[in-house]
Amino acid sequence: MLIHKKNFNIEQIADSGQCFRMNQLAEKHYSLIAFGRYLELIQRGEDLVEISCDEEEFAELWQDYFDLSYDYTQLIDTLLAGEDPFLRSAAAFGKGIRILKQEFFEMMISFIISQNKNIPAIKNCVEALCHKYGTPIRSAFDHNTIYYAFPTPSQLAQASKEELRELKVGYRDEYIIRAAQAVAEGQLDVNCIHSYSYKEAFDALKQIHGIGDKVANCICLYGLHHIQVFPIDVWIKRILDEVYQNEFNLKLYEGNAGIVQQYMFYFMRNQKENQNEKTAKEGMKSKKK
DNA sequence: TACCAGGGGTAAG
DNA sequence: CTTACCCATGGT
């Protein structure tokens with residue numbers, strides 16, 4: 001079915017570092033696994049996305065998952081009309097990004113894995129975890145293809161350190177097992193944590209061995225949809241240092257700080273990529289000479 | 001407080 | 001090809 005929606009760009013969302021199981025199949029064509037379901041999406045126009053499900057499934061799951069009821073246009077317009085040149089550029093560049101409402105346990109484990117890793121490495125680990133411990137899903141498109149759901153807490157709690165090391169999670173093996181056990185055994189109640197305030201959820205998450213400030217904030221933002229949270233990773237830290245000389249006024253964007261952080265992150269990373277491509281091309285030219 | 005292990009991916013040499 | 005660098009957390 002076709003979704004006509006402003007500020008909804010599937011390429012930007014897939015490349016914004018918030019999700020690890022959205023993969024490019026072709027130009028403007030992506031796959032996604034969530035809620036134990038396989039989905040394909042095609043960007044048909046600036047405000048037009050084709051989505052491979054019926055209206056019932058869309059209303060039940062994906063409308064909420066893609067946060068399509070929230071008005072991003074108002075925030076974008078505010079930033080575009082604002083006096084901050086970096087944020088004006090960042091908002092214009094990433095205006096199709098939305099903060100997905102991803103599943104809590106998947107976010108918890110994914111962001112534990114994410115520490116000290118780049119995005120391709122995180123994706124490889126997450127995919128390996130799903131393949132080894134997750135429930136198989138039969139594709140609705142091609143009945144010979146099997147996809148794997150993200151493991152449940154009890155599925156993952158059965159993993160051994162040795163098995164996890166083979167999946168290249170490194171020293172995070174123990175963090176993963178203990179986190180999965182905490183959820184499976186109820187020390188960390190998934191139903192409760194959804195009803196907590198940001199601060200309560202943050203404190204509860206930090207009780208888990210291997211979850212520090214940055215990872216806890218990412219889980220709050222992406223797994224519990226506390227969009228006022230502003231996780232600071234090295235990219236954001238660099239922006240706060242170099243662009244703002246550590247005088248960025250977060251209070252101006254209170255309530256939407258997590259979205260603003262996404263625009264900053266996505267803009268900065270792509271600036272860097274463009275610079276790398278440029279230097280790579282220049283390098284090739286000089287080699288030819 | 002400051003520093004470092006840790007390991008896979010990527011950029012640079 | 002090899003080497004250097006990156007990075008969030010917990011431990012010293």
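Sequence lines set the chain letters: A, B, ... in the order given, protein chains first and strands last, and positions in each chain run from 1.
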In whole angstrom, what separates Ile113(A)'s CD1 from dG7(B)'s C1'?
-> 14 Å
When rounded to whole Å, the CD to P distance for the pair Glu127(A) and dG8(B) reads 18 Å
Rounded to the Å, how far apart are Asp233(A) CG and dT9(C) P?
-> 10 Å
Examine distances only and state if a side-chain atom of Gln63(A) and a backbone atom of Glu60(A) form a donor-acceptor pair shorter than 3.5 Å.
-> no
Using nucleotides 10-12 of chain C, report all nitrogen or oxygen pairs with the protein that are shorter than 3.5 Å.
| residue | atom | partner | partner atom | Å |
| --- | --- | --- | --- | --- |
| dG10(C) | OP1 | Gly210(A) | N | 2.6 |
| dG10(C) | OP1 | Ile211(A) | N | 3.4 |

Residues in residues 100-110 of chain A with a heavy atom under 4.0 Å of DNA chain B, by number, are none
Starting from P on dG7(B), measure out to NZ on Lys161(A) and report it in whole angstrom.
-> 12 Å
Taking the six-membered ring for Trp, are Tyr147(A) and Tyr38(A) parallel (under 30°), tilted (30 to 60°) or perpendicular (over 60°)?
-> parallel
Taking distance alone, no hydrogens or angles, what donor-acceptor pairs closer than 3.5 Å link side-chain atoms of residues 174-188 of chain A to residues at least two apart or in another chain?
none

Which atom pairs, donor and acceptor, lie under 3.5 Å between side-chain atoms of residues 211-221 of chain A and protein residues at least two apart or in another chain?
| residue | atom | partner | partner atom | Å |
| --- | --- | --- | --- | --- |
| Asp213(A) | OD1 | Lys206(A) | NZ | 2.3 |
| Asn217(A) | OD1 | Tyr198(A) | OH | 2.6 |
| Asn217(A) | ND2 | Asp213(A) | O | 3.4 |

5′-ward residue of the pair Asn124(A)/Tyr171(A) relative to DNA chain B | Tyr171(A)
Under a 3.5 Å cutoff on both atom distances, Watson-Crick or G-U, what's the dot-bracket for DNA chain B ([ ] crossing, | other strand)?
-> .||||.|||||||
Salt bridge (charged side-chain N to carboxylate O under 4.0 Å, His left out): which pairs involve residues 243-258 of chain A, sequence neighbours left out?
-> none
Could you list, one pair per line, each protein nitrogen or oxygen that sits under 3.5 Å from a nitrogen or oxygen of nucleotides 1-7 of chain C, together with the distance?
| residue | atom | partner | partner atom | Å |
| --- | --- | --- | --- | --- |
| dC7(C) | OP1 | Arg238(A) | NH2 | 3.3 |
| dC7(C) | N1 | Asn116(A) | OD1 | 3.1 |
| dC7(C) | O2 | Asn116(A) | O | 2.9 |
| dC7(C) | O2 | Asn116(A) | OD1 | 3.3 |

Nearest-angstrom distance from the residue atom CD1 of Ile232(A) to P of dT9(C) | 12 Å
Would you mind listing every salt bridge (charged side-chain N to carboxylate O under 4.0 Å, His left out) that reaches into residues 85-95 of chain A, with sequence neighbours excluded?
-> Glu46(A)-Lys95(A)
Go through the structure and list residues passing ring-ring contact (aromatic ring centres under 6.0 Å, His included) with His131(A), not counting sequence neighbours.
-> Tyr148(A)
Arg269(A) CZ to dA11(B) P: how many Å, rounded?
-> 11 Å
Inter- and intrachain pairs under salt bridge (charged side-chain N to carboxylate O under 4.0 Å, His left out), touching residues 187-201 of chain A, at least two apart | Lys199(A)-Asp203(A)
Do Ile13(A) and Leu48(A) sit in the same hydrophobic cluster, where Ile, Leu, Val, Met, Phe, Trp and Tyr count as joined when their side-chain heavy atoms come under 4.5 Å apart?
-> no
Can you give each donor-acceptor pair under 3.5 Å made by side-chain atoms of residues 99-111 of chain A, sequence neighbours left out, with the distance rounded to 0.1 Å?
| residue | atom | partner | partner atom | Å |
| --- | --- | --- | --- | --- |
| Lys101(A) | NZ | Asp64(A) | OD1 | 3.0 |
| Gln102(A) | NE2 | Gln18(A) | O | 2.8 |
| Glu103(A) | OE1 | Phe35(A) | N | 3.0 |
| Ser110(A) | OG | Glu106(A) | O | 2.7 |

Not counting sequence neighbours, list each pair that qualifies as a salt bridge (charged side-chain N to carboxylate O under 4.0 Å, His left out) and has a residue in residues 114-128 of chain A.
-> Arg21(A)-Glu127(A)
Would Ile236(A) and Phe248(A) count as a side chain to side chain contact (heavy atoms under 4.5 Å, CB included) if you check the C-alpha gap in whole Å, the side-chain angles of each, and the deciding distance to 0.1 Å?
-> CA-CA 11 Å; Ile236(A) 297 296; Phe248(A) 180 69; over 6 Å; no
Which whole-number value in Å describes the distance from Phe20(A) CZ to dG8(B) C1'?
-> 15 Å
Return the orientation label for the Trp62(A) and Phe66(A) ring planes: parallel under 30°, perpendicular over 60°, tilted otherwise.
-> tilted
